Amino acid sequence: MRRLLVPTLLLALCAATPAAAQLPIFDAHVHYSRPDWDVYSAERALAILSAAGVRRAIVSSTPDDGTVKLYEKAPKTIVPFLRPYRTRDDMESWHSDPGVQTYVEERLQRGIYRGIGEFHLSASGAAGPTVKRFAELAADRDLFLQAHVDDVTIEKLLTLYPKARFLWAHAGMSSAASTVGGLLERFPKLWVELALRADVAPGGKLDPEWRAVFVKYPDRFMVGTDTWVTSRWEAMRDYHRDVQTWLGQLPPDVAEAIAWKNGERLFSIAAGDEAAERRSRPAR
Ligand SMILES: [Zn+2]
């Protein structure tokens with residue numbers, strides 16, 4: 001009898017706390033910038049992604065060489081976005097800097113990129129000449145623009161540049177679920193990623209307002225880590241464990257869409273091959 005006790009107890013414990021379903025993850029917000037390179041080799045960075053359950057990831061970096069380095073090691077895992085910052089000094093002024101425009105147009109000729117960003121912008125810069133040019137390039141070459149902006153600015157961008165597809169970083173960082181839902185309703189070329197949005201599931205419990213928006217627009221959301229400082233690479237595994245917890249509280253088809261199917265669909269490898277030539281045309 002005694003010998004049976006331990007296995008029985010273990011079985012009871014397992015039944016009480018079933019392991020959360022581990023969905024593959026498409027991570028829409030990863031950086032591999034200069035300070036990261038010395039700490040994590042490209043191989044190590046790829047191993048961290050894999051250990052966190054990340055099947056594919058949108059990567060951008062300052063400077064862009066980090067993205068290219070990762071992409072060359074794992075072209076089927078890395079979805080390269082071209083960050084328009086040659087150095088961090090470009091962050092404030094890029095929207096009206098012709099040098100940034102030239103840099104991006106030259107760099108795009110590599111033909112590997114699926115988007116431009118992540119970039120930062122306030123509403124006052126949204127009509128800047130470099131932003132306008134990026135929107136033309138995005139529409140012309142099927143590129144996404146990944147914008148770290150507030151809700152006023154994303155609305156302005158979507159209104160000014162209706163032909164470009166936007167990936168809204170951090171869902172505006174602090175915009176309410178209802179605001180995000182309202183913008184998704186009005187703008188069909190808007191997609192949203194949820195990097196660093198702890199308010200989606202405070203204490204691990206999915207917020208009802210976010211849940212309602214996810215269920216209404218399951219095809220428009222993606223998750224993301226944002227390795228904006230090197231220490232975020234170490235946190236990636238725990239971060240995605242928490243993401244899996246709230247995804248598990250959604251209907252399975254909605255959870256799968258947000259976890260990875262939306263990213264797979266929008267940045268499919270086959271479509272990428274076909275479009276590569278078009279994307280690498282010299283700028284007109
Ligand atoms: Zn970022």
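We count ligands from 1, going down the list as the structure has it; atoms in each ligand are counted the same way. Being a predicted model, the structure only gives us computed values, none of them experimental.
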Side chains of T67 and S61, donor plus acceptor under 3.5 Å: yes
N, O or S of H29 under 2.8 Å from the Zn ion (ligand 1): yes
May I ask you to check if any N/O/S atom from H31 comes under 2.8 Å of the Zn ion (ligand 1)? yes
Could you go through the side-chain hydrogen bond (donor to acceptor under 3.5 Å, both in side chains) check for E118 and H29 one step at a time? CA-CA 8 Å; E118 175 203 21; H29 197 143; 3.1 Å; yes
In one Ile/Leu/Val/Met/Phe/Trp/Tyr side-chain cluster, 4.5 Å: V152, L167: no
For the Zn ion (ligand 1), angle spanned by E118 OE1 and D226 OD1 (nearest 10°) is 170°
Working to the nearest 0.5 Å, report the span between NZ of K69 and CG of L46. 12.0 Å
